[in-house]
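We count ligands from 1, going down the list as the structure has it; atoms in each ligand are counted the same way.
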Amino acid sequence: MVIVGVLLLLNSYPLLVSEDLVFRSKATTLQASVSVMVNSLSGLDRLTEENVTAAMSVVEETGLSRILVTDGAGRVLYDTRETGANVGDYALYTEIVQALMGADAFSCTYKGAAFRSRASSPVLYQNQIIGAVYAYEYDTEQAALLADLQSNLLRLSGVVLVVVLMLSLILSKALTRKIGLLLTAIRQVREGAYSHRAEIRGRDEIAQIGHEFNSLADRLQITENTRRRFVSDASHELKTPLAAIRLLSDSILQTDSIDLETPREFVSDIGREAERLSRITEDLLRLTRLDSGILEPGTAVDVLPVLEQAMRMMSLVAQEKGVDLTYSAAEGCTVLAAKDEIHQVIYNLTDNAIKYTAAGGAVQVTLSREAGQVVLSVADNGVGIPEADLPRIFERFYRVDKARSREAGGTGLGLSIVSDTVKRRGGSVEAANRPGGGALFTVRWPQTEGEEAG
Ligand code: ADP
């Protein structure tokens, strides 16, 4: 629209200005010619056909299409136009009427590729109007120049218009193509095709939005994959004990023997499987709570009493398994967290250490302070963890040896809970193998001063 407006202006303003210039120059030259003729008649006291023709024959006026001289009443005394010579008739053209009333008159029109200019002035004798001279010029030369200018401007405008149209078409094509790609990608991902990406090259804003969208889709894909795996793992974990319970209960129903011992055994198996189920659901609930992102503000918790309590409890488990559980602790290890969280972490790690250590092994728990951090380490001399599995053991349901874990009553969620719990309070946990065999888990929390708060 703007371009069209500019082009319209370009096609009208210069023409109007040139036209006006021509009008002005015509006015000057034509009026000068007329006044020359008026001068040549000025000596006469009365105008007649003869004296006017005589006077006019001396005036050399070329380039004019018509010269007319009238008497005071507007009757033609002299006319240069041969065809239809009007001598004797009245020529009451507007300009002549004006001249007979005493004023110089001029008019000019530009039409049909020609300038038509008319000028008229009165002829005076002793301040009396005795007649009028009228000149008419028909000019196609300057009109042709103007027409040339006009057609040049038109051609130029045409070229500009085509170029602008093509440019804007190309630009908008490129733009809409990119936006189209982005839209397709957004729709695809919205419909669940999480692997679809927007292929937008370049470094403009739309390409940047495309890149941002792609990384968003990456995140979505990861989250979605994790969620799917979690759901499928969780259902699998729940399915196994449920299937066992069904099998056991079917067996009881189908047993006709009066022997009381077999059903009793089966029922106790069912009880064990139910216990497993409740452990899994408890762990899942704990993880869901951790995932929900609602973090209660922590209080300054002194870890030592929590550790002592956990050790009292775990020593019974260790004793039962024939594992030697010892611990050493420094005082003043304060962490901004909740007591239950700390207990859960110590419990899960110690429980694992005992679980994966054979009878006669040893588990050593150490609590210390190191450069503004509270460090809890749980070391055992058990089976250890294959190096290849080390990076994955904090994943949900990940177990190195499924059968062994299940046998030991593990859910595969213990370490995920530890990792999530610790990370939520700005801490970290890492797993390693000890040089002499066995695993070593190290938890670090930021140390907090401020026992008064707790
Ligand atoms: P689980 O309930 O199976 O113990 P965890 O999340 O607590 O699940 O642990 C994940 C896996 O890491 C375990 O199945 C086991 O293979 C391995 N693991 C954990 N702690 C130890 C340890 N102290 N020694 C050896 N392997 C361990």
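Judged by distance alone, with hydrogens and angles left aside, the side-chain atoms of R434 form a donor-acceptor pair with the main-chain N or O of D380 at under 3.5 Å. Put simply, the side chain of T411 gets close to the backbone of L413: a donor and an acceptor are under 3.5 Å apart. Formation of a donor-acceptor pair under 3.5 Å by the Q447 side chain with backbone atoms of G332 is found in this model.
Using a 4.0 Å cut-off to heavy atoms of G384, the atoms of ligand 1 that qualify are 25 (C), 26 (N). Close approach to Y398 involves these atoms of ligand 1, each under 4.0 Å from a residue heavy atom: 10 (C), 11 (C). Near K355, the atoms of ligand 1 lying under 4.0 angstrom from a non-hydrogen atom of the residue are 1 (P), 2 (O), 4 (O). Each of the following atoms of ligand 1 lies closer than 4.0 Å to a heavy atom of G410: 1 (P), 2 (O). Close approach of ligand 1 to G414 (heavy-atom distance below 4.0 Å) involves ligand atoms 5 (P), 6 (O), 7 (O).
Only side-chain heavy atoms of I385 come within less than 4.0 Å of ligand 1; its backbone N, CA, C and O stay farther off. Residue contacts with ligand 1, taken as heavy atom pairs separated by less than 4.0 Å, do not involve N348 at all. Residue contacts with ligand 1 for F441 involve side-chain atoms from C-beta outward but no N, CA, C or O (heavy atoms, distance under 4.0 Å).
When D380, T411, N381, D401 are checked for heavy-atom proximity to atom 23 (N) of ligand 1, D380 turns out nearest. Of the listed residues (D283, T350, N352), the one carrying the non-hydrogen atom nearest atom 20 (N) of ligand 1 is N352.
Heavy-atom contacts from other residues, nucleotides or ligands closer than 6.0 Å to CZ of R246 number 12 or fewer. Within a 6.0 Å radius of CZ in R219, no more than 12 heavy atoms belonging to other residues, nucleotides or ligands are found.
Taking the six-membered ring for Trp and the full ring otherwise, Y138 and F115 have centroids separated by 6.0 Å or more.
A salt bridge links R399 with E237: at least one charged nitrogen is closer than 4.0 Å to a carboxylate oxygen. A salt bridge links R286 to D283: at least one charged side-chain nitrogen sits closer than 4.0 Å to a carboxylate oxygen. A salt bridge does not link E282 to R279: none of the charged nitrogens lies less than 4.0 Å from a carboxylate oxygen.
Look at A353 and you'll find a heavy atom under 4.0 Å from some atom of ligand 1.
For ligand 1, the polar-atom distance check against S416 finds no nitrogen or oxygen pair separated by under 3.5 Å. Considering backbone and side-chain N/O of A439, none are found under 3.5 Å from N/O of ligand 1. Some N or O of L415 is nearer than 3.5 Å to an N or O of ligand 1, by distance alone. Geometrically, ligand 1 and V400 share a nitrogen or oxygen pair separated by less than 3.5 Å.
In terms of protein heavy-atom proximity, atom 27 (C) of ligand 1 is closest to Y356 CD1, 3.6 Å. Atom 1 (P) of ligand 1 has as its closest protein heavy atom G412 N, 3.4 Å.
Within the 4.5 Å cutoff, no side-chain heavy atoms of R425 are placed close to those of P446.
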